[in-house]
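Single-structure report; data block below.
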Amino acid sequence: MRRSASNNPSGPPPPPSLSSEETFVASSPGRICLFGEHQDYLGLPVVPCAISLRVKIRARRRNDLKIHVSLPDIGQEEHFGLRARIPYRKERDYFRSGVNVMRRAGFRFSRGLDCTVHGTIPINTGTASSSALVVSWIALLAFVSDVHRQLSPGECARFAHEAEVLEFREPGGMMDHLAAAFGGVLTVDFTGGVSVRQQRTDLGAFVLGDSGEPKDTKGILSRVKEGVLEILRTLTKENAGFSLSAVTGEEVEQRGSLLPPGERALLAGTVRNRDITREASALLDATELDRRRLGELLNEHQAVLRDVLKISTPKIDGMIEAARHAGAYGAKINGSGGGGCMFAYAPELPERVAEAIASAGGKPYIVSVGDGTRAATGTDL
C-alpha cells in the first residue's frame, strides 16, 4: 500500500467552523524501531512501531496574532507573532518552522493560540519525542487553521519532516514522522520512493529501558552512515549496477576482496540487517504470529548492531541481558545508538522484565503498540 501526501490544503469539505471558546488537542506517539536500524538512509526497509507513550498539545484561540506555547515538562516557553515569515531564533525552532511550512502549503491563520505541551515519552533517548511533538503541532495547526482540516497520516508526516528536518538542513529520514502519524506497526520501504504498509498490532507488551546515557547521534551517523556510503562508492565504481537492495550474502563474500576487512564486515552486517528486517516483516504478515521467532530476530539484529555496527554500549548490553534472563523473548538497542534506550519484547511477565531492567540501572516503561496522530476538539485524546 503506497501512501503519498498532498500539498492541496482544500481537501474534503471542512467540518463546521470552530468556536473561539473551544479547546483543541493533538496527540502523537513515540516509537521504537523494531527492525532496520541504520537502514532508512540507505533506501532499505524499516519496521517501526508506535508506542503508548505520547506527546499532547492543548490549545485555545487568542484574539490576536500571537502564539504562546508553554512546555512545563522542561520548564520552557515559546512566544512569537504570526508574521508573514517567522524568523528562527535557535536551532530546531520547530514551533516557528511548523507555521512557516504550513503557510507555504496554503494554510492560513487569522487567530493566534495559547498552547500547553505535555508528554510521557522520555526525551533525547531515541524514542522520537521531537518528531512526535512536531507531528502533533502540524496536525493541530491544520485543524485550527482557517480551513479547519484533518490531515491524512501521509500529509502529516510529510509536513512534519519538512518542518523538523528539511527546514533546518538536518540529516534524517521520515521513519519517525511516519510512525507517529500512522501509528501501529509499519513496514516502510524507501526503495524508489516511500511505501508504507500497516501490519498487525497484537504483539503484546514491550518494556522500554532508558539507560540515562546521552546519545551520540551525530557521531554514530557520521561513522556508520559515511562508512557504508564509502563502501557503496567503491563497489559502484567496479559495478555501476550494484544495489544494496538486491545484493546477496554470497555476492558480498565475492566482492569482499575489494574492501578492507572492517568495511567488508560492515557491508555484510548491513546486508544481514536487511535480511532480518525482511524476514520480520513477513512474520508480521503471517496468519499466526510466532512471537518467539520475532524475539529471536530482535536478538540477531542486536548482535549485528553491537558487534558489527558497534552502536551499543556496555550498560545497554547489560540491560538487554537482564531483560532476556527475566523472560523477554528478545531485546535490542533502540535508535541510532551510542546511548539512549533499549527495549525488550516481553508479552509474558513484563513486570518482571521491567524489574530486571531497573536492577541493571535503567528506567523501565511498560508499553504497548500505540495509535497514530489524532486532532480533535475537547480536553483530551
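If you read the sequence from its start, that first residue is 1, and numbering goes on from there. Keep in mind the model is a prediction, meaning the values are calculated, not measured.
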* Y88 with F109, same ILVMFWY side-chain cluster at under 4.5 Å -> yes
* Asked: Mind checking whether L203 and L349 sit in one hydrophobic cluster, side chains of I, L, V, M, F, W, Y counted as touching below 4.5 Å?
  -> no
* To do: Might you work through the side chain to side chain contact (heavy atoms under 4.5 Å, CB included) test for L71 and E78, ending with a clear yes or no?
  => CA-CA 8 Å; L71 299 101; E78 297 283 347; 4.2 Å; yes
* Do K315 side-chain atoms and G361 backbone N/O form a donor-acceptor pair below 3.5 Å? -> yes
* Hphob cluster co-occupancy, L166 + F107, side-chain heavy atoms under 4.5 angstrom -> no
* Side-chain (T234) to main-chain (E230) donor-acceptor, under 3.5 angstrom -> yes
* Between atom CG of L53 and atom CD1 of I366, what is the distance when rounded to the nearest 0.5 Å? -> 11.0 Å
* To do: Go through H68 and L113 one step at a time and tell me if the side chain to side chain contact (heavy atoms under 4.5 Å, CB included) criterion holds.
  => CA-CA 6 Å; H68 286 192; L113 295 169; over 6 Å; no
* Partner set under salt bridge (charged side-chain N to carboxylate O under 4.0 Å, His left out) for D317, not counting sequence neighbours -> none
* **L309 side, atom CG; E37 side, atom CD - distance, nearest 0.5 Å** => 9.5 Å
* Look only at the side chain of R89 and the backbone of R96, and say whether a donor-acceptor pair between them is shorter than 3.5 Å. => no
* To do: Can you spot which of V134, I138, V101 makes a side chain to side chain contact (heavy atoms under 4.5 Å, CB included) with E162?
  => V101
* To do: Decide yes or no for I311 and R306: does some side-chain heavy atom of the first lie under 4.5 Å from some side-chain heavy atom of the second?
  => no
* Asked: What do you reckon, are the aromatic ring centroids of F190 and Y41 less than 6.0 Å apart?
  -> no
* To do: Would you mind telling me which of L298, V304, L34, L297 makes a side chain to side chain contact (heavy atoms under 4.5 Å, CB included) with K332?
  => L298
* R54 side chain to G372 backbone, donor-acceptor under 3.5 Å -> yes
* With sequence neighbours left out, write down each residue that passes salt bridge (charged side-chain N to carboxylate O under 4.0 Å, His left out) with K237, or none if nothing qualifies. => none
* **Rounded distance (nearest 0.5 Å) linking atom OG1 of T236 with atom CD1 of I231** => 11.5 Å
* Asked: For the side chain of R31 and the backbone of G126, is there at least one donor-acceptor N/O pair under 3.5 Å apart?
  -> yes
* Asked: What heavy-atom pair brings I333 and G339 nearest, and what distance separates the two atoms?
  -> CD1-O, 4.2 Å
* Asked: Distance only, no hydrogens: is a donor on one side chain within 3.5 Å (strictly under) of an acceptor on the other, for R278 and T187?
  -> no
* Structure fact -> Taken to the nearest 0.5 Å, the spacing of M175 CE from H177 NE2 works out to 10.0 Å
* Please determine, by modelled atom types, if R58 and T116 share a side-chain donor-acceptor pair under 3.5 angstrom. => no
* Determine the sole option in P29, S131, S28 for which the side chain to side chain contact (heavy atoms under 4.5 Å, CB included) test with S136 is passed. => S28
* To do: State, yes or no, whether a side-chain contact exists between T23 and T377 at a heavy-atom distance under 4.5 Å.
  => no
* Can any side-chain N or O of Y329 pair as donor or acceptor with the backbone N or O of A344 at less than 3.5 Å? -> no
* Please lay out, stage by stage, how R264 and E253 fare under the test salt bridge (charged side-chain N to carboxylate O under 4.0 Å, His left out). => CA-CA 8 Å; R264 190 183 315 148; E253 292 277 338; over 6 Å; no
* For E167 and E164, indicate whether the former's side chain and the latter's backbone hold a donor-acceptor pair under 3.5 Å. => no
* **By salt bridge (charged side-chain N to carboxylate O under 4.0 Å, His left out) - contacts of K215 (at least two apart)** => none
* Asked: Can you hop from L65 to L141 via hydrophobic side chains spaced under 4.5 Å?
  -> yes
* Do V135 and V69 belong together in a cluster built from hydrophobic side chains that touch within less than 4.5 Å? -> no
* **Heavy-atom pair of closest approach, residues P45 and T277** => O-CG2, 3.5 Å
* Donor-acceptor contact below 3.5 Å, side chain D146 vs main chain S110 -> yes
* Asked: Can you name the nearest heavy-atom pair linking C49 to V369, along with the distance?
  -> SG-CG2, 3.8 Å
* Rounded to the nearest 0.5 Å, what's the gap from CG on L140 to CZ on F95? Could you check? => 10.0 Å
* Could you give the distance from CD1 (I320) to CG (N299), rounded to the nearest 0.5 Å? -> 8.5 Å
* For the residue pair D202 and R291, what are the closest heavy atoms and their distance? -> O-NH2, 2.9 Å
* Asked: Would you call K225 and I220 a side-chain contact if the rule is heavy atoms closer than 4.5 Å?
  -> no
* **Flag, side chain of T125 to backbone of C341, donor-acceptor distance under 3.5 Å** => no
* Non-hydrogen atoms of V207 and P350 that approach each other most closely -> CG2-O, 3.6 Å
* Minimal non-hydrogen separation, N334 against I32, with atom names -> OD1-CA, 3.2 Å
* Side-chain (H148) to main-chain (F143) donor-acceptor, under 3.5 angstrom -> yes
* Within a strict 4.5 Å, meaning less than it, do heavy atoms of the T248 and E251 side chains meet? -> yes
* Is there a side-chain contact between Q199 and S281, using heavy atoms and a 4.5 Å cut-off? -> yes
* Side-chain H-bond candidate by donor/acceptor type, N273 with H38, under 3.5 Å -> no
* Would you check if the distance from the ring center of W137 to the ring center of Y94 is below 6.0 Å? => no
* Check whether more than 12 heavy atoms from other residues, nucleotides or ligands sit under 6.0 Å from atom CD of E226, and answer yes or no. => yes
